[in-house]
Amino acid sequence: MSAQQSTGPAQAQAVTAPAVSAASAEAPAAAETPLTKLTARLAEVTQKAGYNEMWGVELSPSSHAPTQVILLKFLRANNNDVAAAEKQLASALEWRKKMQPTKLVTEAFDGKKFGDLGFVTVHKDAAGNETVITWNIYGAVKDNKATFGNVEEFIRWRAALMELGVQKLRLREIKEPLAEDAQDTYQMLQVHDYLSVSFFRMDPAVKAASKQTIETFSMAYPELLAHKYFVNVPAIMGWMFGVMKLFLAPTTLRKFHPMASGATLSTELKSISSSLPKEYGGQGPSVKEGETLKLITQESKTAETKVETAAAAVAAPAVAPVETKPVEPAAAKPAAVKAKSSVPDPPVADEAIKDDSQVRAAPGETGNKEATT
């Protein structure tokens with residue numbers, strides 16, 4: 001009996017010991033993924049760039065769903081290479097800090113250069129899912145030198161149009177992050193229409209603008225396009241696709257679809273074909289009725305200048321005329337009784353009149369100054 005009593009506590013201790021050990025052990029750390037690694041680097045990246053806005057979203061190193069979706073786009077554009085994604089993210093932040101593209105959406109652009117060149121439309125399928133499309137109608141270019149000659153101005157306009165489309169994706173409203181292997185549903189379509197375009201083959205201004213745009217947008221807007229359709233494409237434009245191959249990943253190039261006719265676009269986008277613009281095989285309103293950027297024409301510039309000038313004139317404080325009092329002629333002193341003298345009296349009245357004429361000229365001068373002002 002004493003033996004049993006002596007062994008009892010030992011058995012109990014042996015049974016309970018593993019439970020104590022398990023409770024004190026730390027849970028295994030979650031496996032790191034490219035997304036968690038890039039997220040861990042985000043604070044340093046944004047601090048170094050001095051900027052943390054991307055596509056209307058304030059980036060956060062926490063489990064912020066919109067931020068996670070954006071970081072995943074940069075990773076996918078770089079085949080999950082964290083270092084390459086971080087480098088591209090830093091470049092995009094620096095570019096946005098300099099360009100301020102979200103403000104460009106409200107900027108007015110020259111209507112003579114960019115009128116009817118860009119639109120944004122939103123289409124719903126039978127299930128209510130939205131598809132955002134940005135349209136670049138290059139056949140509407142009237143003067144290729146004016147439109148493409150200033151590359152920086154052209155990129156500003158293109159960035160503004162792109163930002164207008166990005167706004168329709170409503171990235172700030174994302175509630176749940178995407179799984180790292182899930183399909184990205186936060187993308188848009190883009191259509192480039194080259195109907196009646198004949199100057200793209202040799203024009204150096206167009207080539208320079210196209211090359212710079214491809215370089216900039218592949219860096220600043222990765223994985224925002226689900227597909228890109230080049231419609232009404234003439235055969236001579238093969239050089240453009242050659243340029244694209246130099247800067248874009250093969251996975252991105254697979255999203256590009258050159259098409260000889262714009263009317264066949266509806267066959268590619270069957271789920272929204274009925275609402276597509278009629279120019280592209282749909283039954284919807286013309287693409288020109290889509291949303292576009294603010295444009296200003298020469299006539300509106302002149303009218304705006306006149307309005308600003310008139311407003312400035314109204315706002316300017318009125319200059320009060322300087323009041324002057326005419327100098328009264330000195331009263332003639334009563335003649336003193338004196339002996340006759342050959343020295344005449346001083347011409348007091350004449351001097352007073354002379355001074356008065358000088359003073360009376362002052363209001364005229366003051367009036368002229370006021371009118372000039």
Side-chain angles (χ1 to χ4, degrees), residues 22-102 132 159 162-163 165-190 213-228 244-256:
S24 61
E26 295 183 359
E32 280 192 322
T33 67
L35 183 57
T36 59
K37 291 179 181 179
L38 185 58
T39 302
R41 297 284 304 149
L42 181 59
E44 184 176 338
V45 172
T46 55
Q47 183 178 6
K48 186 176 180 180
Y51 194 77
N52 72 334
E53 178 273 333
M54 183 61 65
W55 309 331
V57 174
E58 297 295 325
L59 300 179
S60 171
S62 65
S63 57
H64 183 233
T67 297
Q68 293 295 294
V69 171
I70 290 172
L71 296 183
L72 189 58
K73 288 179 180 290
F74 279 88
L75 283 167
R76 288 182 174 180
N78 291 277
N79 297 317
N80 282 333
D81 184 327
V82 177
E86 178 182 334
K87 182 178 179 180
Q88 182 177 357
L89 177 62
S91 297
L93 288 169
E94 291 169 2
W95 179 81
R96 294 184 73 81
K97 180 180 179 181
K98 176 183 177 181
M99 187 66 70
Q100 295 291 315
T102 56
V132 179
M162 187 70 176
E163 292 288 325
V166 171
Q167 287 180 358
K168 307 303 179 185
L169 295 176
R170 299 196 293 270
L171 298 178
R172 286 182 294 185
E173 300 176 16
I174 297 175
K175 302 301 182 183
E176 296 291 336
L178 292 171
E180 295 192 41
D181 58 349
Q183 179 182 356
D184 189 348
T185 55
Y186 302 102
Q187 295 180 314
M188 68 180 78
L189 303 181
Q190 193 169 85
T213 301
I214 293 170
E215 291 179 7
T216 301
F217 278 51
S218 62
M219 174 274 296
Y221 298 100
E223 294 298 308
L224 281 173
L225 298 182
H227 294 279
K228 191 168 185 173
M244 291 179 183
K245 292 179 181 179
L246 298 176
F247 300 100
L248 302 177
T251 53
T252 303
L253 285 172
R254 285 196 290 270
K255 301 177 181 180
F256 290 7

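Please read all numbers here as calculations on a predicted model, not as lab measurements. Heavy-atom basis, side chains included; hydrogens, waters and symmetry copies ignored.
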Measure the shortest side-chain to side-chain distance between Leu169 and Leu224 over non-hydrogen atoms and say whether it is less than 4.5 angstrom. yes
What's the separation between atom CG in Asp184 and atom NZ in Lys73, rounded to the nearest 0.5 Å? 3.5 Å
Would you find a donor on one side and an acceptor on the other, under 3.5 Å apart, between the side chain of Ser218 and the backbone of Glu215? yes
Quick one: does Ile70's side chain get under 4.5 Å of Val57's, heavy atoms only? yes
Using modelled atom types only, decide if a donor and an acceptor are shared between the side chain of Asp81 and the backbone of Ala84 within a distance under 3.5 Å. yes
Taking 4.0 angstrom as the limit, do Glu44 and Arg41 come out as a salt bridge? yes
Non-hydrogen side-chain atoms of Trp55 and Arg96 separated by less than 4.5 Å: yes
Minimal non-hydrogen separation, Val69 against Glu176, with atom names: CG2-O, 4.5 Å
Is the side chain of Thr39 donor-acceptor paired with the backbone N or O of Leu35 at a distance under 3.5 Å, no angle test? yes
Quick check on Lys228: does its NZ atom have over 12 non-hydrogen neighbours (other residues, nucleotides or ligands) under 6.0 Å away? yes
Scanning both residues in full, the closest heavy-atom pair of Ala85 with Leu75 reads CB-CD2, 3.8 Å
Short question: side chain of Glu94, backbone of Tyr51 - any donor-acceptor pair under 3.5 Å? no
Can you list everything that forms a salt bridge (Lys or Arg N to Asp or Glu O under 4.0 Å) with Lys255? Sequence neighbours excluded, please. Glu223
Grab the two heavy atoms, one from Gly165 and one from Met188, that are nearest each other, plus how far apart they are. C-CE, 3.5 Å
Does the pair Thr102 and Glu53 meet the rule for a side chain to side chain donor-acceptor pair (under 3.5 Å), with working shown? CA-CA 10 Å; Thr102 56; Glu53 178 273 333; 5.0 Å; no
So, Asn80 side chain and Arg76 main chain: donor-acceptor pair closer than 3.5 Å or not? no
Give the minimum heavy-atom separation between Ala159 and Phe217, together with the two atoms involved. N-CZ, 3.6 Å
Strictly by modelled atom types, are Gln68 and Ser63 linked by a side-chain donor-acceptor pair under 3.5 Å? no
Check whether more than 12 heavy atoms from other residues, nucleotides or ligands sit under 6.0 Å from atom CD of Glu180, and answer yes or no. yes
